[in-house]
Each structure stands twice: as C-alpha cells, then as structure tokens.
There are 2 protein chains.
Amino acid sequence: MPVCVFLAKSNSNMRTRKTATKSLACKVRITAITDTMQVLSGKWKIHILGALLQGGKMRFMDLLREIDGIAAKMLSKELQDLEMNQLITRTVVDTKPITVEYEVTEYGKTMEPIIDEIANWGVFYRNRLHGKTD
Amino acid sequence: MPVCVFLAKSNSNMRTRKTATKSLACKVRITAITDTMQVLSGKWKIHILGALLQGGKMRFMDLLREIDGIAAKMLSKELQDLEMNQLITRTVVDTKPITVEYEVTEYGKTMEPIIDEIANWGVFYRNRLHGKTD
DNA sequence: GAAACTAGTTTCCAATTGGTAACTAATGCA
DNA sequence: TGCATTAGTTACCAATTGGAAACTAGTTTC
C-alpha cells in the first residue's frame, strides 16, 4: 500500500506540511474503509457474524439467546441486512414449528480476519488496562 | 480460540441445537469485540487513525483537509476521544499562529492490523461487486 | 381449550449521532 | 484597519439508532 499523503513545502511558513493533495491510493483506502464499515454498521452485525462463524448453522432463537442483550427486532433487522449483503443465508426448514437457519456464506467468511483482529485487540486492551501500568 | 457454543440435545424436539449455555471464552470474545468497537465508535475514528498512521505527525488543519467530509466539530471531538484512550498524542507547538500536532502512539499503532484488514476487505468488496458476477 | 414454541413485525419512544453555521481568540500580513 | 490563518467551541437542529413491549400467526403439546 503506497503512502497516502504527499509532502510539500508550505509557502506561509517554511515547515513541511501535508497538503490537500490526496493520492488516488488514499481515496481508494478511505472509500474501502467506508464501505466495510457500512456493511458492518450498527451495534450487532459483528456479534452476529462472530456467533455464526463459531457456531455454524444457527436458528433465530439460537442467536437471540446467544447474543446477550439483542432484541428480536434488532436481530431480525440486522439479519436482513447481512443477507442482503450476501454475508449470510437464510433457510426455512419445514419442521413442526417452522424454523429458520442462518449460516455464513463463503463470502461472509472473508470477514473472519477482521472480526478476529477486533477480538484480539479487545483482549489486548483489557490486559493493558489492569495488567501492567506502563 | 476455543469454540464458543456448547452443543446439547433439545428436549422439545430431537434436533441438535445450540443452547444458551455460553462458555467463558465466548463471553470474553463478545466483551472484547464490544470494547474495541467502543474505542473505535463513530463515523470518523478509523479514518483519523488511518490518516495519522500513513501521514505521521499531522496538524489539525492537515487532518481537516485530508479527511474528506469531516467537520471541525467532529474532528475535535474524535481527536479528544482518541487522546483519552491514549491512541494518539496532542502536542501544542509554539509557532507564529499556534499549531497543534497529533501523532499515533506506540499503543495506537496496535490498531494498524484492524484498520488494514478493514481496508483490504473494502477493496475486495468493490472488486467483487463489478468484477466477477458470480 | 389453554399454554408454549417457532419467527418474526409493529408501534412508540428516547438517546445518540452528526451536520451547519456562526463565533472566539490570538497572531501575522499588507 | 481589515483580512487570513491557526485551533478550536457553541448552539441549534435533523436523522438515525436502538430499546421495550405488545402483537401476529401457525403448530404442538398438555
């Protein structure tokens, strides 16, 4: 990934400053981050993906019980979003009381590195907080 | 990372289902993700960190010009949040018009893998959209 | 026939988020 | 004197987010 910000001499003072001249690579990166965060927007999507990545095929009620604090309305809405983005599939199973299975797609599994990095950092963060007072 | 969800027989029907019995590791993971996302909350923090990680030391106005669409109020507030979490430092420089330099701390640099993964995925996402129609 | 389980939907409300625009305050420059 | 630059702050407002609780609707079990 090339460096994003061009260096140039300011004419007001002689310090080196970063100008408004943005490279294409920089804009691409900003767009990329915006895209990803839009797909993962909201309080719950990462948790839903995290649960499905670890638990495999799961039903609506499974997820409702597994993801602490989420309400049915939110779960329903977030699942729809994830399905629209093709990160998960929704399959109706014709059991006695009808059940619905959700599963991460192959495409959805490409999110795993992101979620893992986020989880790793959170653990690191906790350790730093009460662990060493550096 | 151990598997999160315990498998158990449901007594209502004889399918294998995921119960509400969550392992400690699972709760730790959920907490970790929540922590990280709280530190990175809002529309701009990842972009600010991204800019500072690539551009090095930058001033308020540099960031305002570099990060497309952000308003001074938001930039100011997000910088304060990041500083409180010790991800960046704020240094007042005694120049003619006073300037302020922001820089990512060593601790803040531990966010780089997350941001890179997010940026990578965003690029991958764009390629998939208009590239191959699979 | 009532209760319970499935997977949601609907309504209503409160808090948060974030945007615009104007303003402060100190300094430099023409 | 007046405008530009620095780094913000403040006030006001609109949209989004998300939570609680009630409700739908079909099936099964007691």
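Numbers restart at 1 for each chain; the letters A, B, ... are given by sequence-line order, proteins then strands. Everything numeric in this text was worked out from a predicted model, so none of it was measured.
- In this structure, B:Ala71 has no side-chain contact (heavy atoms from CB on, under 4.5 Å) partners at least two apart in sequence or on a different chain.
- For A:Glu112, there are no side-chain hydrogen bond (donor to acceptor under 3.5 Å, both in side chains) partners two or more places apart in sequence or in a different chain.
- Here the P atom of nucleotide D:dA20 and the CG atom of A:Leu75 are 14 Å apart, to the nearest Å.
- Considering only residues two or more places apart in sequence or on other chains, A:Arg126 meets the salt bridge (Lys or Arg N to Asp or Glu O under 4.0 Å) condition with B:Asp35.
- For A:Lys109, the salt bridge (Lys or Arg N to Asp or Glu O under 4.0 Å) test picks out A:Glu106, with sequence neighbours left out.
- Applying the 4.0 Å criterion to OP1 and OP2 of D:dA7, one finds that B:Arg65 has every side-chain N and O outside that range.
- The CG-C1' distance, from B:Leu63 to D:dA7, rounds to 12 Å in whole Å.
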Under 3.5 Å, side-chain donor or acceptor atoms of residues 37-52 of chain A against the rest of the protein: list the pairs with distances, not counting sequence neighbours.
| unit_1 | atom_1 | unit_2 | atom_2 | d |
| --- | --- | --- | --- | --- |
| A:Ser41 | OG | A:Gln38 | O | 3.0 |
| A:Ser41 | OG | A:Lys45 | NZ | 3.4 |
| A:Lys45 | NZ | A:Ser41 | O | 2.5 |
| A:Lys45 | NZ | A:Glu78 | OE1 | 3.1 |
| A:Lys45 | NZ | A:Asp81 | OD2 | 3.4 |
| A:His47 | NE2 | B:Thr34 | OG1 | 3.3 |

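- A heavy-atom distance below 4.5 Å is not found between the side chains of B:Thr91 and B:Val100.
- Residues passing the side-chain hydrogen bond (donor to acceptor under 3.5 Å, both in side chains) test with B:Tyr102, sequence neighbours excluded: B:Arg90.
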key: Heavy-atom protein contacts under 4.0 Å, nucleotides 18-24 of chain C, coded B base, S sugar-phosphate only, - none   = BBB----
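- Heavy-atom distances under 4.0 Å link DNA chain D to B:Arg90 of residues 81-91 of chain B, given in residue order.
- Checking the phosphate oxygens (OP1, OP2) of D:dT9, a side-chain nitrogen or oxygen of B:Gln80 falls inside 4.0 Å.
- A 4.5 Å side-chain heavy-atom check between A:Lys77 and A:Lys73 finds every atom pair outside the cut-off.
- Applying the salt bridge (Lys or Arg N to Asp or Glu O under 4.0 Å) rule to B:Asp116 yields the partners A:Arg29; only residues at least two apart in sequence or on another chain are considered.
- The distance from atom CG of B:Asp94 to atom P of C:dA26 is 14 Å, rounded to the nearest whole Å.
- For A:Phe124, the side-chain contact (heavy atoms from CB on, under 4.5 Å) test picks out A:Trp121, B:Tyr107, B:Thr110, with sequence neighbours left out.
- A straight line from CE of B:Met61 to C1' of D:dT9 spans 13 Å, rounded to a whole angstrom.
- Partners of A:Glu103 under the side-chain contact (heavy atoms from CB on, under 4.5 Å) rule, at least two apart in sequence or in another chain, are A:Lys57, A:Thr89.
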Please tabulate the protein-to-nucleotide N/O contacts below 3.5 Å involving nucleotides 24-28 of chain D, giving atom names and distances.
| unit_1 | atom_1 | unit_2 | atom_2 | d |
| --- | --- | --- | --- | --- |
| D:dT27 | O3' | A:Lys96 | O | 3.3 |

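- Put simply, B:Thr99 has no side-chain N or O that comes within less than 4.0 Å of OP1 or OP2 on D:dT6.
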